Every structure is written in structure tokens, then in C-alpha cells.
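All values derive from a computational prediction rather than experimental measurement. So you know, we letter chains A, B, ... as the sequences are listed, proteins then strands, and number each from 1.
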Amino acid sequence: MLIPILQDRLRSAVVAALPDADLSRVLIRPCTNPAHGDYETTSLMALAKERRMNPRQLAADVLARLDVQDLCEDIQISGAGFLNFRLNLAALQRAIQGAARGEHLFLTPASRPRTVVIDFSSPNVAKPLHVGHIRSTFLGDCLARIFRKLGHRVVTDNHIGDWGTQFGMLLLGWKTTLRRDALAADPFLEMERLYKEVNQRCKDEPGLRDQARAELVKLQSGDPENLAIWREMQKLSQAQFDSVYARLGVSFDVTLGESFYNPQLPGVVKELTRLGLARESDGAMAIFSDGSCPPKEDPFLVQKEGEWQPNPFLVQKSDGGFNYATTDLATLEYRLKTWAPDEILYVTGAPQQLHFRQLFATFRRWHPDTRCRLEHVWFGSILGEDGKPFKTRSGETVKLTELLEEAEERAAKIVAAKNPDLPAAEQQDIARRIGMGAIKYADLLPNRQSDYVFSWEKLLALNGNTAPYLQYAYTRTRSLQRKGAELGDLSAVTGTFVLAAPEELALVRHLINFGFTLESVIADYRPNFLCNYLYELAGRFSKFWENCPVLKAEDPAVRASRAALCEVTGRVLGEGLGLLGIETLDRM
RNA sequence: GCGCCCGUAGCUCAGUUGGAUAGAGCAACUGCCUUCUAAGCAGUGGGUCCCGAGUUCGACUCUCGGCGGGCGCGCCA
């Protein structure tokens, strides 16, 4: 909002002082320490350094050419060559006034919208969504919302695992021990039972594993009976996914599972072979290093026993079957052809980093002219409370639905204690929104690259830096609205905004950085920046709330300004929570 | 063995091209509900930013070397 304007002005001044400077590196950001002002740039020190110039002298040269009189008080050069900006009162008043009139919400939509495909969630057929899916699902959904808010075109794609080797076991189980009544009652439970049972029996009866494999081969070669069973499993699973996603408030533009790309797989391998990218190796088809980058950066090389050895990317198995590398390549090509995106994001776990490096490198060699940014938006592993990896294969997994139930129950108890007079239905609705919000926020708050320690207590905490705290701050703005409406004297601010109390100024100074925060989120794919921004906003609002009476203010102009400040804060909180996928409430 | 990631307060974690005095939550302790306000606010205590060297005007951040942990390393995804 104001940052892009200041940045443009700064760039004009820099280019006047240093005509050949790389302006993309001239940046303005909020001060890390408010004592230094509202915004700062450290770019001049970096520029001076690489040119062996005196940084303070450069800062002075730039300052002499800088025209920000309309926005800032006197600019200070400080330290080794910082430029510190302090907004003047009029600029703050204009900003908050524009927002109060509904002209903007401190953000400017992208001037050049990009098309972004986001691949996330990706559950497997016949398995319920569990804790292992929450990071991908919430991260992907949140990024999609923020890209859209900033004016970009987004395609969300749920790449469902509907064609893996698990179907061998499942088909065999289905044909031998399926219980129709159990399937009708709880499809996942029954399918899980089938899988586990066959898997267990395979350990004792060696022949069974071959039978399972045979079922898989039959399926993949188009056997009508197996296909029909597979379709039924797919349909049952999708119905379950749909209901969970509806509950989560997550939606997809397209749901194209792995099987969708099946017909294209042989062609992909044929094409890679024709181009000389893939070659036979131990009966499989694989892609090797082309030596185009240093060994250390080459995803097709690995160092073993002191030597660089091939680390190939397998696109076809020795039995002729295809694997996820093949599917991912076909998927990538389909997405480029269908949506012509500027960017494709893969929201999956850290362990898949090598896979995506190989995938992206292979694709670059396959389509060297395609300009599309490919990003693996990876996140840390989920650990148990003991710090050991949270394995999904063995041991019990916590299902997403169980997690939601627990969250709502805990929230319901608190609602009942705090607000026993509310109608039961409203209490339940409040508990639902709070429980869901708590889980989403707990998931989005940590840096995505950190490992995720699964903890009931933490996931469902309802105080401190949590969603309920933000939701509560929002309800305060609503309650003030209601009371103000009763009094009937809450009119829009007609004159100049009164911004005098430190709490008012601190609040406005934070509000205006909303857009900057959203830009930061999509630049690094890190929603936690938004969480921290909102937490800070709620904190500043609470201080304002404690110290600045609104409806009881003597001066009508102060009253109107503060009421509008509340209203705008509520809008930003509501919008911000909405972008995190978290619902707000009018009271709680 | 090699690669990726991590190591910050008692616990869980933030820390935005390297930037000024390293911040939250939880836990502990002390205050504040005849109020537009307590799912809140104010305050106290708590740190060799794993260790060591280097680059730099400046390092939690970058480089190198250790130590500790997690994950990955050819036909699962």
C-alpha cells in the first residue's frame, strides 16, 4: 500500500544517484525496531559495499534526490547507512480513511496477474485423511486463497493417489473377505481392514503376495471386473473426501488423480527415450546426469564411497510398469498444456525434495523452452510427542475427523463455561468454528520447514498465540458495532481522522502493512508470516481496546474515529483469518 | 559413507536480500472485572542463539570444520 509507493520513490532517487544500480534489490520494509521509525531500507549499504563506496555518503546522495515530503517526516540516515522513514500524520490519516470508506484494505492487487497451479492434499484412495495430510491441505488451501486475494489466477488440483500398488492387496481382499454391510457403514474402515488383513496374511503365506501382484497387473491391463471394483473404491473414497473437505472448508478446482494420466504414460517414456533423455538400466528406463551442472548440484549424482555415482530418475520399472516419476511428468505436461501457468506449486513433505529436484531437472531437459516456475513447497515431518517420526505405515494414525471431533469437544466445554446463556445450536456452531480454527492456526503458525510435533495440547490450545485469540479480538469489534448501533450515534468519519493516543497510532501503523504481509507470504510460500501479522494486530488492538474508550469518548470526532478504527481492524482481522481458512464469529 | 533439513529462554517455537538493544506462547510469580472490554490487559524472572574458526563496518542469519537429532539415498508415493 504505502510501501510500494515509498519503494518507487526510493528507486527513483537511487537511479538518479547510481544510474546502473539493480533496482530490484532496492527494498523497503517495516522497521525491525519501531524506535527507528516506520520503515527502513538497508539496500543502500549493500549497494555501497559492492561498489566500495562510503555507505553514509551514498545514503546522503540518495536522500538529496528523494522526494517523500508528502508521506514522511524528515528522513534520517543512521547507523552504518540505514535510511529510516517515519510516516507523517496526514499519510496515516489518509490511509485509514481510505480503508474506512471501503476504498481499499491496505493492499493492491497484482498489476500483472500470474496463473498458479497448486497441487496439494493428495490423499490415497481407500485411506482416510489423517494428520499426515493436514499440513499439505491447509498450506495449499491458504496459499491458494492469498494468491487469489492478490489478484492472481489459481488452479487448485487434488492429485489423488488412485493408482498405486496398494490396489493389489485391496483387490485381493475385496474378492475374498469383503463384508458389504461393513463397507456401507464405514467404507474406509472396511477397506483398511481388507488391506491390513491381506498384508498380514502375506507374511505367513508367501504365495499370497504374488496373487496380490497378479490382481494389480489385471487391473492395470484393464480387466473389467477389477476395474469395476477399483471404480467403486474410488467412488466411495471420493464421497468421504468430499465430506471432509466440505467440513474443512477446502475446495479444489480440479481433482485429477494419478489414474487420469495413465493413458499418457507409455508416450512419456517413449518420448524421453526418443530424445535420448531416458535409457535402459537394469531392465528399467532411467534418466541420468547430462553433466550440465556441478556434481554437488546435480540431482542425478550421488556421492558414495568418495566417488560421484549415478543417481538416476526411474521413469519405468523393469517389469514394464510406471511409477510416480512417470505420472508426475505426464501431470506436469498436462498442466502446462491446459492452463499455461506461470508457476506450479507442489505442497508435499520434505522427504520428497530429491524427487522434485529430479522431476524439475528432467522436465527442463525435456522442454527447455518452457518458462514456468516450478516450486516444491515442502514442509517438515510430523513427529510424535516423543520426537520420533510419526509413521503412518505402522502404528495408529490419528484420523482428521477424530482430530476435529476432539477440537470441537474441547471448544464446546469452554463455550458452555463462558457463555452458558447462548442457545445450544449457537454454542455448537461457535465450538465448531473455534475447534477448526485452532487446528488450522496451529498448523500454519510454525515455519513450514520445521518438523511438526504432533501434540493434542498444542493443536487444540485455546489461549495465547492461537486462532481463538484472533477470533476473540474480532468479536470485540463486532460487539462494539452492535452496541454502537444501539446507541445510534455511530456515523462514518466525516472530517479528519483523530489519531492521537499512542495505541491508535500503533494500530494504524500496523494495519497499513497488511498487503505487504500478504506479498511476503506468497513470495516465500509461508503463511506463518500472516499468522504473526494477525497476532501482532490483535495484540495492538487489545491494547487500544484497554486504553482508548470508544463509545464513552467525550469528543464525537474521537468517538467516530475510534469506532471506524475498530471497524477497519475487524475487517482486516476477518479478511486475514479468512485467508488462513479460519471462520470468524460475531460472539463467542 | 554422501545429500537435504534442524539445533535460539525450563518446554514449544518466531526471527523477512546479513542490520541497530534476539522476540512470542506455555509453565512460574504479581496486579487489574460495580467496565463499550477478562478466551483479555499490565508487570517480574528466565539466553555461552550447539561448539570452534573465517568473511564483514556489522553474523542467530553467509563460508568451512566439528558435535547432536530427523529424513532421504534405483524400480512405494
So which nucleotide from B/rA77, B/rC76, B/rA39 ends up closest to the side chain of A/Lys317? B/rC76
To the side chain of A/Pro446, which of B/rC13, B/rA39, B/rG74 is closest? B/rC13
Are A/Arg135 and A/Asp443 within salt-bridge range, i.e. N to O under 4.0 Å? yes
Please determine, for the side chain of A/Val302, which listed nucleotide (B/rC41, B/rA14, B/rC73) has the closest atom? B/rC73
For nucleotides B/rA39 and B/rU34, find the distance between their P atoms and express it as a whole number of Å. 15 Å
Angle between ring planes, A/Trp230 versus A/Phe167, binned at 30° and 60°: parallel, tilted or perpendicular? perpendicular
Please check: side-chain N/O of A/Ser318 versus main-chain N/O of A/Gly283, any donor-acceptor pairing under 3.5 Å? no
Basic-acidic side-chain contact under 4.0 Å: A/Arg432, A/Asp429: yes
Nucleic acid footprint by protein, nucleotides 18-30 of chain B - heavy-atom cut-off 4.0 Å, B for base, S for sugar-phosphate alone: BBB---SSS----
Sequence neighbours excluded, the answer for side-chain hydrogen bond (donor to acceptor under 3.5 Å, both in side chains) partners of A/Gln166 is none
Closest to the A/Phe516 side chain: B/rU16, B/rA14, B/rU17? B/rU16
Round to the nearest Å and state the distance from A/Phe379 atom CZ to B/rC71 atom P. 16 Å
Paired with B/rU44 by Watson-Crick or G-U wobble geometry, both distances under 3.5 Å: which nucleotide is it? B/rA28
Less than 4.0 Å between a side-chain N and a carboxylate O, is that true for A/Arg478 and A/Glu567? yes
Would the number of heavy atoms belonging to other residues, nucleotides or ligands and lying under 6.0 Å from CD of A/Glu50 be above 12? yes
B/rC26 to B/rG45 separation - C1' atoms, rounded to the nearest Å: 15 Å
Would you say the side chains of A/His376 and A/Thr348 form a donor-acceptor pair under 3.5 Å? yes
Contact nearer the 5' end of RNA chain B, comparing A/Asn323 with A/Lys418: A/Lys418
State whether A/Tyr469 places a side-chain N or O below 4.0 Å from either non-bridging phosphate oxygen (OP1 or OP2) of B/rC41. yes
Quick check: does any side chain N or O of A/Asn323 sit under 3.5 Å from a backbone N or O of A/Leu314, one acting as donor and the other as acceptor? yes
For A/Ala350, answer base if it contacts any base atom (sugar-phosphate contacts may also be present), sugar-phosphate if it contacts only those atoms, and nothing otherwise; contact means non-hydrogen atoms under 4.0 Å. nothing
May I ask you to evaluate whether A/Tyr533 reaches the phosphate of B/rU16, defined as a side-chain N or O under 4.0 Å from OP1 or OP2? no
On RNA chain B, does the nearest nucleotide to A/Ser43 precede the nearest nucleotide to A/Ala411 from the 5' side, or the other way round? Give the residue. A/Ser43
Of the candidate nucleotides B/rG15, B/rA39, B/rC13, which contains the atom at the shortest distance from the side chain of A/Ser450? B/rC13
Length of the line joining A/Phe313:CZ and B/rG74:P, which is rounded to integer Å: 14 Å
Nucleotide paired to B/rA38 in any strand shown, Watson-Crick or G-U, under 3.5 Å: none
For the pair A/Glu409 and A/Lys413, find out whether any cationic side-chain nitrogen is under 4.0 Å from an anionic carboxylate oxygen. no
Please state the C1' separation for the pair B/rG58 and B/rU17 - nearest whole angstrom. 15 Å
Over 60° means perpendicular and under 30° means parallel, so classify the ring planes of A/Tyr533 and A/His510, tilted if in between. parallel
From the list B/rC73, B/rG74, B/rC5, which nucleotide is the closest neighbour of the side chain of A/Trp378? B/rC5
With sugar-phosphate meaning primed atoms plus P, OP1 and OP2, does A/Pro549 contact a base, only sugar-phosphate, or nothing at under 4.0 Å between heavy atoms? base
All N/O contacts under 3.5 Å from nucleotides 42-46 of chain B to the protein, with atom names and distances to one decimal?
residue: B/rA42; atom: OP1; partner: A/Lys543; partner atom: NZ; Å: 3.3

Take atom NE2 of A/His355 and atom P of B/rC75, then tell me their distance rounded to the nearest Å. 14 Å
Please measure how far the P atom in B/rG69 lies from the corresponding atom in B/rU30, and state the result in whole Å. 40 Å
Hey, is the side chain of A/Lys458 poking within less than 4.0 Å of OP1 or OP2 on B/rU12, counting only N and O atoms? no
Rounded distance in Å - CG (A/Leu480) to C1' (B/rG40): 15 Å
Determine the contact category for A/Cys566: base if any of its heavy atoms lies under 4.0 Å from a base atom, sugar-phosphate if only primed atoms, P, OP1 or OP2 are that close, otherwise nothing. nothing
Taking the same atom, P, in B/rC11 and in B/rC51, what whole-Å distance lies between them? 15 Å
Atom CZ of A/Arg279 to atom C1' of B/rG74: distance rounded to whole Å? 13 Å
Rounded to whole angstrom, note down the C1' distance from B/rC4 over to B/rG19. 29 Å
At under 4.0 Å between heavy atoms, what does A/Ser281 touch on the DNA or RNA strands: base, sugar-phosphate, or nothing? base
Output yes when a side-chain donor or acceptor of A/Glu280 lies under 3.5 Å from a complementary backbone atom of A/Met285, and no otherwise. no
Expressed as a whole number of angstroms, how long is the span from A/Tyr195:OH to B/rC76:P? 12 Å
Suppose we define a pair by two distances each less than 3.5 Å, Watson-Crick or G-U wobble; what does B/rG1 pair with here? B/rC73
Pick the P atom in B/rU63 and in B/rG3, then give their distance to the nearest Å. 14 Å
Report the distance from atom CD of A/Gln353 to atom C1' of B/rG3, rounded to the nearest whole Å. 10 Å
Looking only at the side chains, is there a donor atom on one of A/Asn513 and A/Tyr39 sitting less than 3.5 Å from an acceptor on the other? yes
Expressed in angstrom and rounded to an integer, what is the separation of A/Glu536 atom CD from B/rC41 atom P? 12 Å
Taking atom P in both B/rC2 and B/rG54, compute the distance separating them and give it to the nearest angstrom. 25 Å
Given B/rA38, B/rG74, B/rG72, identify the nucleotide with an atom nearest to the side chain of A/Tyr472. B/rA38
Quick one: label A/Leu314 by what it contacts on the DNA or RNA (base, sugar-phosphate, nothing), any heavy atom closer than 4.0 Å. base
Side chain A/Ser542 and base B/rU37 donor-acceptor under 3.5 Å: no
Strictly below 4.0 Å: does A/Tyr324 bring a side-chain N or O up to OP1 or OP2 of B/rA77? no
Classify the nucleic acid contact of A/Ile434 as base, sugar-phosphate or nothing, counting any heavy atom under 4.0 Å across all strands shown. base
Mind checking A/Thr165 for me? I need base, sugar-phosphate or nothing, with any heavy atom below 4.0 Å counting as a touch. sugar-phosphate
Should B/rC64 form a Watson-Crick or G-U wobble pair with both distances under 3.5 Å, which nucleotide is its partner? B/rG52
Just verifying a value: how many Å separate A/Ile77 CD1 and A/Leu44 CG, rounded to the nearest 0.5 Å? 9.0 Å
